[in-house]
Amino acid sequence: MSLAGETNASAQAGANSVNWLRLLPWGLAVVLLAILPFVFGSGAGLTVLNQMAITIIFALAYNMLLGQGGMLSFGHAVYMGLGGFFCVHLMNRVEFDGLWLPLPLLPLFGGLFGLLFAVIVGSFSTRRAGTVFAMISLGVGELIAACSIIIVAFFGGEEGVSADRTMGPALLGIDFSSQKEVYYLSACWLLISAAAMYLYSRTPVGRMANAVRDNEERAEFLGYSQRKVRFMSFCASGFFAGIAGALFAINFEILTEENLNLATSGSVLLITFLGGVGFFVGPIIGAIVFTLLQTVLSLFTEIWQLYLGILFVMTVMFFPFGLTGLIAIHFRPYQLGKLGTLIIPYALIAGPALGFALGSACVMEILFHARHAALGDETMTLLGVSFNSHSPAPLLLAVAVAGLSVWALRKLLPAFKDAWDEANHAGDAS
Amino acid sequence: MSAAAIELEGMCKSFGRVEIIRNVSLSITKGERHAIIGPNGAGKSTMFNLITGKYHPTSGTVRLHGEVVDQLKPYEINRRGLSRSFQITNIFAKMTVFENIRCGLLWSMNYKYSFWHLVDRQPGLTARAHEILEQINMADKHATLAGVLTYAEQRALEIGITIAGGADIIMLDEPTAGMSASETEYIVELIRKVTENKTLVVVEHDMGVVFDLADRISVLVYGEIIASDTPQNVRANPAVQEAYLGTVLEGAD
Ligand SMILES: Nc1ncnc2c1ncn2[C@@H]1O[C@H](COP(=O)(O)OP(=O)(O)O)[C@@H](O)[C@H]1O
Ligand SMILES: [Mg+2]
């Protein structure tokens with residue numbers, strides 16, 4: 001399965017020479033990251049890109065636990081948040097005490113602070129996997145979130161702590177006053193971190209993290225302490241989460257309680273699962289989709305979190321391997337040269353699927369507007385049409401569209417399933 | 001004379017109030033092929049678990065090459081050169097056959113908890129894994145996920161993982177259970193081949209296999225060893241015949 005489960009055929013061939021094909025995705029990523037600001041060069045575009053880079057690092061770090069190590073954490077924002085807070089303080093030391101620290105190196109210190117804290121917490125939380133680990137992570141998360149309000153000197157109370165990133169020594173005349181400079185800094189750290197995390201998964205301890213995840217007993221009888229393997233994954237994950245926190249500090253120049261509370265811990269779990277925990281690229285895809293939905297959807301609707309929640313539940317129920325899994329299952333039809341046969345079946349169900357999504361979204365929007373809009377404000381605009389949200393006709397129409405779509409979907413699905421099976425079936429069906 | 005490979009002295013184990021292993025003393029010399037037989041529930045697997053650190057004895061001692069090990073963890077015992085398989089297939093089902101073997105090799109090849117080696121770029125490691133795949137005749141299956149192998153193949157892979165680390169004491173818990181006659185024959189040949197010059201402890205129900213493989217047999221009944229002797233003497237032992245009601249041992253030759 002996935003990148004993590006690569007076989008040795010390539011390893012054998014590439015034991016001494018670099019396998020160029022495997023470097024291709026990384027090369028593409030470098031090019032893509034380099035040209036993105038020219039495509040989305042606006043302030044808002046760069047903000048979204050920066051946000052994405054930070055979220056990707058955080059989600060990849062999180063998946064070192066969940067996907068690679070089988071540890072479900074409900075409190076991983078702690079390590080990103082603490083790394084971030086530490087960096088905000090460092091930036092202030094640079095500004096007020098003349099500490100010599102070039103900004104590009106700051107993420108390293110954020111990482112080390114995340115690592116330090118992961119060493120402390122991991123020393124007792126990784127003793128067991130499963131529920132015990134999950135509960136400890138939740139407890140520590142709650143604890144740190146509570147501390148953030150109590151220990152004002154470090155966490156700054158409700159306003160948080162802010163800093164100015166441009167006060168450090170400028171290298172090559174770059175002082176990071178522009179968004180674009182910050183973007184390239186984030187992009188560099190994204191590449192370094194992603195590559196390091198991928199390589200970690202290919203080291204002995206990274207491989208044994210998988211082994212312990214799948215069968216901790218067997219791993220112990222092969223000479224490995226399951227606890228130490230988990231501890232090391234945990235520390236590595238804390239380190240990279242800290243880097244993400246540092247980049248957050250650089251990008252937003254402020255950290256608040258929100259950066260380490262349980263809601264943030266919850267969303268990284270959601271992001272990772274959405275993307276697919278079984279794949280190295282899963283969290284990357286999850287982070288991109290999540291950030292897009294968060295920024296774009298929230299422009300159009302107040303209840304975007306509801307849609308995100310529905311998307312998450314549907315993913316868990318229908319696509320447990322996440323969006324990446326959804327892409328991956330098309331690989332076999334592609335190999336068999338039958339991907340083309342799926343175009344028409346997909347086109348057929350696309351209409352009703354879209355109808356269902358839009359219909360039910362309209363129902364929710366109308367109900368939300370009718371209940372929550374200011375008193376007397378009864379006109380709403382959906383899909384370019386203005387109408388009275390309190391009159392029954394639009395609601396009934398939306399319900400009818402959704403209902404009809406479901407009916408059509410149920411009619412069409414058996415045929416789609418047949419086409420799918422056929423596309424996954426080697427040899428010609430005649 | 002050097003110390004015995006495995007030495008049990010007055011070993012007892014109770015789960016709650018039930019005494020499962022009662023005062024077992026046994027010495028297995030280096031290079032010996034020792035079979036443990038006994039009816040279901042006699043405590044054979046529990047004995048394995050006590051020796052390999054999964055459980056700790058309630059009283060008594062376990063020595064490995066003369067060193068007391070009964071309070072050590074499984075991984076510490078493994079590092080002292082003892083490796084075991086399980087009665088119920090215990091492999092990494094979601095990994096490829098090759099990766100299963102490689103996991104069995106990592107510690108013994110001194111990679112330990114390294115995060116500065118890349119496993120795919122260790123020619124020695126890869127070569128050794130392929131050697132073991134050859135030994136267990138699974139070279140052509142190296143890229144298959146262990147979970148989709150047939151039962152017999154999984155058992156063979158389990159033996160491969162067990163011997164991969166080069167342990168000098170190999171303990172196999174019912175390696176041929178649930179296999180057809182031809183599969184059994186194949187596995188026995190495999191065991192013979194891969195445990196050459198090693199100390200072998202094997203729990204086995206198939207008496208043909210036991211008499212074929214073992215230099216010495218211990219009979220465990222209700223947590224007690226009622227006989228521990230050469231195959232001939234065990235077969236002739238009246239207490240053993242009584243425990244087995246004279247049925248099982250007859251067919252064995
Ligand atoms: N962890 C345990 N807790 C309680 N009882 C156990 C445990 N492990 C084994 N037993 C009991 O010990 C007895 C011997 O089991 P086992 O060693 O598996 O026998 P054998 O391998 O000889 O068939 C059985 O009655 C079993 O129920
Ligand atoms: Mg047993």
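Side chains are part of it too, since the values below use all heavy atoms of this structure and drop only hydrogens, waters and symmetry mates. Labels below follow one simple rule: chain letters A, B, ... track the order of the sequence lines, proteins then strands, and each chain is numbered from 1.
We find the CG-OG distance between L222(A) and S108(B) to be 9.5 Å, quoted to the nearest 0.5 Å. Between the CH2 atom in W107(B) and the OG atom in S225(A) there is a gap of 8.5 Å [rounded to 0.5 Å]. To the nearest 0.5 angstrom, S114(B) atom OG is 8.0 Å from M232(A) atom CE. Expressed to the nearest 0.5 Å, how far CE of M95(B) lies from CG of D214(A) amounts to 5.0 Å.
For the pair Y224(A) and L106(B), the minimum side-chain heavy-atom distance is below 4.5 Å. Under the 4.5 Å side-chain criterion, counting only non-hydrogen atoms from C-beta, V205(A) is not in contact with H117(B).
The shortest heavy-atom contact between A219(A) and F92(B) is N-CZ, 3.9 Å. Summarising the geometry of T203(A) relative to V119(B), their closest heavy-atom pair is C-CG1, 3.9 Å, with the distance given to 0.1 Å.
The 12-atom threshold is not exceeded at OH of Y334(A), counting heavy atoms of other residues, nucleotides or ligands nearer than 6.0 Å. In this structure, Y113(B) places its OH atom where more than 12 heavy-atom neighbours from other residues, nucleotides or ligands lie under 6.0 Å away. With a 6.0 Å radius and a threshold of 12 heavy atoms from other residues, nucleotides or ligands, K417(A) has its NZ atom at or below the threshold. Surrounding CG of L21(A) are at most 12 heavy atoms belonging to other residues, nucleotides or ligands under 6.0 Å away. Under a cut-off of 6.0 angstrom, the local environment of CD1 in I88(B) is sparse, with at most 12 non-hydrogen atoms contributed by other residues, nucleotides or ligands.
Only the backbone of I91(B) has a heavy atom closer than 4.5 Å to any heavy atom of chain A. Only the side chain of Y200(A) has a heavy atom closer than 4.5 Å to any heavy atom of chain B. E76(B) does not touch chain A: none of its heavy atoms, backbone or side chain, sits under 4.5 Å away.
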Derivation of the side-chain hydrogen bond (donor to acceptor under 3.5 Å, both in side chains) call for R218(A) and T162(B): CA-CA 10 Å; R218(A) 198 53 173 119; T162(B) 308; 2.9 Å; yes
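For the set G223(A), G206(A), A236(A), the entry with the most heavy-atom pairs within less than 4.5 Å of chain B is G223(A).
The stretch residues 47-75 of chain B places T52(B), K54(B), P74(B), Y75(B) near chain A, each with some heavy atom under 4.5 Å from a heavy atom of that chain.
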